[in-house]
Amino acid sequence: MTDIFADIARSTAEALGRLGVETSAEEIKRLMQLPAKPGFGQFAVPLFGFTKTLCQPPPVVAGKVADTISCPATVQKIEAVGGFLNFWEQPGIIAAEVLPKIVHMRDRYAAADEGMGQVVVMDYSHPNIAKPFGVGHLRSTVIGNSLYRVLEKLSYKPVAINHLGDWGTQFGKLIYAFRQWGSEEQLSVQPIRALYDLYVRVHEEAKYNPELEEHGRAEFKKLEDGDPDNRALWQRFRDLSLQEFNRIYARLGVGFDSYAGEAFYNEHLGPLIKRLQETGLAHESENALVMEFDDPQLPAFVVRKADDASLYATRDLAAAEYRYKTYHFSRALYIVGSAQALYFRQLFAALKKMGYAWADHMEHIEFGWVKFGTEIMSTRKGTVVFLDDVIEQAVQRTKDIIAEKNPELPNVDEVAEQVGTGAVVFSQIAVRRNKDIVFSFEDVLNFDGHTGPFLQYNHARLCSLLRKYGRPVETDIDCAVLADPEETRLALLLHEYPRMVQTVAETCEPMTLAAYLIELVDLYSSYYHRVRIMTDDESLTRARMLLSAAIREVLRDGLYLLGLAAPEQM
RNA sequence: GCCCCCGUAGCUCAGCAUGGACAGAGCAGAGGUUUCCUAAACCUUUGGCCGCAGGUUCGAAUCCUGCCGGGGGUACCA
């Protein structure tokens with residue numbers, strides 16, 4: 001199969017070569033971009049980077065290249081504007097290149113084998129047992145899930161680990177609180193509510209009564225030493241919470257390969273600490289065991305508390321060792337809020353100091369806070385927004401809209417679930433990772449404009465169009481009738497899609513894909529309103545259906561990669 | 001104190017990695033579109049010293065330095 005983009009890149013590289021510039025077709029292809037505005041060609045190559053070696057201003061270089069280039073016959077026009085080389089293809093050439101390919105390959109269109117044989121361990125979601133699943137946990141879950149699907153598309157073998165927060169001093173407090181104020185009745189009726197109330201109460205009372213901290217620590221120590229009563233209570237809390245989490249994950253379409261939480265590494269902790277002591281990698285300081293680093297920026301890292309109990313760091317070190325031994329990952333991603341950036345630098349440095357070269361392949365994929373108004377959500381303060389409530393409201397809102405707009409829709413409940421969760425998921429993925437998100441019900445429940453439901457709506461409308469067409473879409477047709485600039489632009493955007501998916505994998509930034517899909521769908525929606533897809537002209541109709549079918553494929557695949565369902569009607 | 005992140009339209013955000021063609025969207029506001037493929041849509045329109053000041057460059061929202069404002073982190077919470 002010929003590749004017109006490669007052909008043009010080669011021609012451009014050759015023309016530059018004759019002018020005395022060393023470059024390659026690959027480099028030019030990488031530089032190729034879609035112009036910001038129509039009028040600057042269908043696609044463009046910026047030549048600014050080559051002007052230095054030639055000691056000539058950009059417009060002169062571009063002019064010379066435009067004059068001397070010998071292009072494939074499919075190129076209709078080349079223009080040098082500023083330092084850009086702008087290309088126009090003959091009508092339909094780009095469409096013919098890309099549309100049949102998409103319709104044939106469907107969800108394999110963006111697939112690549114670059115990750116073949118490489119395991120990527122991913123740590124995300126990690127809710128805390130005995131705390132409700134808040135909107136804060138949603139962001140890690142949604143980003144992780146999307147990256148999982150993207151990596152899988154590129155033939156990596158992702159392993160999703162839900163490192164449950166099921167261990168730590170907080171359980172001592174909770175056990176103490178349950179014995180003080182809790183009851184079996186509450187626990188069996190509304191388990192999560194009951195545990196959450198206890199959690200808030202114990203932190204509230206601890207403010208006035210410092211002894212509670214001591215009680216909590218003591219109960220946790222007993223738990224860690226294997227006290228059967230505490231152990232049984234802990235197991236019960238864990239089971240109840242996990243049940244609840246799994247119900248929510250099912251709604252979001254999220255799954256995990258492992259639920260090995262913090263408690264899972266219990267037996268590894270003692271030997272690990274002993275090893276760190278004996279090898280001299282860690283030493284006693286103020287009764288705690290700490291590791292120190294050469295880098296003066298990195299403060300000491302506590303790996304065992306003064307009361308001999310383990311802490312987060314101990315369990316993460318053990319988890320890292322276990323994961324490497326078990327999965328032999330080539331990359332390990334921790335999708336955790338940026339508040340823990342320093343902690344992860346210490347963790348990775350500690351592993352490096354332990355002699356693990358693979359520590360270099362661990363990355364903290366950080367993200368900003370999810371704020372509610374001006375406040376940061378806090379489980380302890382009780383200012384958390386329950387994810388379940390958010391989803392429930394979004395689903396209800398969807399039902400209202402369906403009742404108004406499409407009362408004939410057969411499977412209302414299923415679609416409302418898909419669209420409602422779609423709105424919630426999209427709200428988390430449509431903002432760059434390192435920015436804080438201001439969570440507002442008003443925005444999440446507003447389905448107008450650039451939202452998850454907007455993407456889903458366009459998908460459903462495309463499906464409807466294809467149903468109405470009633471025949472298989474033909475791929476072996478004359479695309480020259482797709483002479484409209486928007487049709488060419490759409491084809492060019494579709495051509496970008498696989499590159500976009502790879503960018504997401506490199507940057508771990510699903511927002512880029514969300515923005516891409518919005519751009520694609522926005523343009524198509526505008527086009528759809530301006531022209532008729534199905535016309536009296538047979539060949540034109542065939543071509544426009546092919547374009548529409550290709551857009552549906554990419555949209556459906558893109559929605560999947562973001563973690564949104566793509567209902568066929570809504 | 002030191003370290004990290006953010007600062008673009010009334011609001012929420014793209015664009016910054018790899019500097020480049022007049023800074024783009026959505027929401028909110030104003031006006032319009034439905035005998036026609038899903039109007040959860042589309043079209044028109046109002047609205048910007050890209051936090052401030054320097055520097056590098058032919059060219060800076062983008063890179064560098066300083067400052068201001070906000071947030072986070074800074075040994076036994078996770």
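Chain letters run A, B, ... following the sequence lines, proteins first, then strands; residues in each count from 1. For the numbers below, each heavy atom of this structure counts, side chains included, while hydrogens, waters and symmetry mates do not.
- Nucleotides C42(B) and U74(B) are separated by 46 Å at their P atoms, to the nearest Å.
- Note that R471(A) lies in the cation-pi zone of Y469(A), set by a 6.0 Å cut-off to the ring centre and a 45° limit from the axis.
- Base pairing annotation: C50(B) forms no Watson-Crick or G-U wobble pair, as no partner gives both donor-acceptor distances under 3.5 Å.
- S285(A) contributes a side-chain N or O that forms a donor-acceptor pair with the base of A75(B) under 3.5 Å.
- Residue R345(A) places no side-chain N or O under 4.0 Å from the OP1 or OP2 atom of G73(B).
- Checked against A41(B), G15(B), C37(B), the side chain of H529(A) finds its nearest nucleotide in A41(B).
- The listed nucleotides are A41(B), A21(B), C77(B); the one nearest the side chain of A44(A) is A21(B).
- Taking the six-membered ring where tryptophan is involved, the planes of F301(A) and Y343(A) are tilted, since the angle between them lies from 30° to 60°.
- Here C37(B) is the nucleotide among A21(B), C37(B), C13(B) with the atom lying nearest to any side-chain atom of R532(A).
- When Watson-Crick and G-U wobble pairs are counted only if both distances are under 3.5 Å, C63(B) pairs with G55(B).
- When each of A40(B), C37(B), A14(B) is scored by its nearest atom to the side-chain atoms of M511(A), the top-ranked nucleotide is A14(B).
- Picking from C3(B), U38(B), A75(B) the nucleotide with the shortest atom distance to the side chain of Q297(A) gives C3(B).
- Remark: the separation of the C1' atoms in U62(B) and U57(B) is 13 Å, to the nearest Å.
- A donor N or O paired with an acceptor N or O is found under 3.5 Å between the base of A21(B) and the side-chain atoms of N86(A).
- Across A78(B), A41(B), C37(B), the shortest atom-to-atom separation from the side chain of Q340(A) is found for A78(B).
- Remark: K435(A) is in phosphate contact with A14(B), judged by side-chain N or O atoms under 4.0 Å from OP1 or OP2.
- The pair E219(A)-K173(A) does not meet the salt-bridge criterion, since no charged nitrogen lies less than 4.0 angstrom from a carboxylate oxygen.
- A gap of 27 Å separates the P atoms of C13(B) and A40(B), to the nearest Å.
- By the stacking rule of 5.5 Å between ring centres and under 30° between planes, F84(A) stacks on the base of A21(B).
- Using a 4.0 Å cut-off between a side-chain N of Lys or Arg and a carboxylate O of Asp or Glu, E26(A) and R30(A) do not qualify as a salt bridge.
- Using a cutoff of 4.0 Å between basic side-chain nitrogens and carboxylate oxygens, D413(A) and K399(A) are scored as salt-bridged.
- An aromatic stacking contact links Y312(A) with the base of A78(B), defined here by ring centres under 5.5 Å apart and ring planes under 30° from parallel.
- For K405(A), the listed nucleotide lying nearest its side chain is A39(B); candidates were A39(B), A25(B), C5(B).
- Of the candidates U74(B), A40(B), A17(B), A40(B) carries the atom nearest the I402(A) side chain, counting heavy atoms from C-beta on.
- Applying the 4.0 Å criterion to OP1 and OP2 of C6(B), one finds that R432(A) has every side-chain N and O outside that range.
- Ring stacking holds between F48(A) and G20(B), with the centres under 5.5 Å apart and the planes within 30 degrees of each other.
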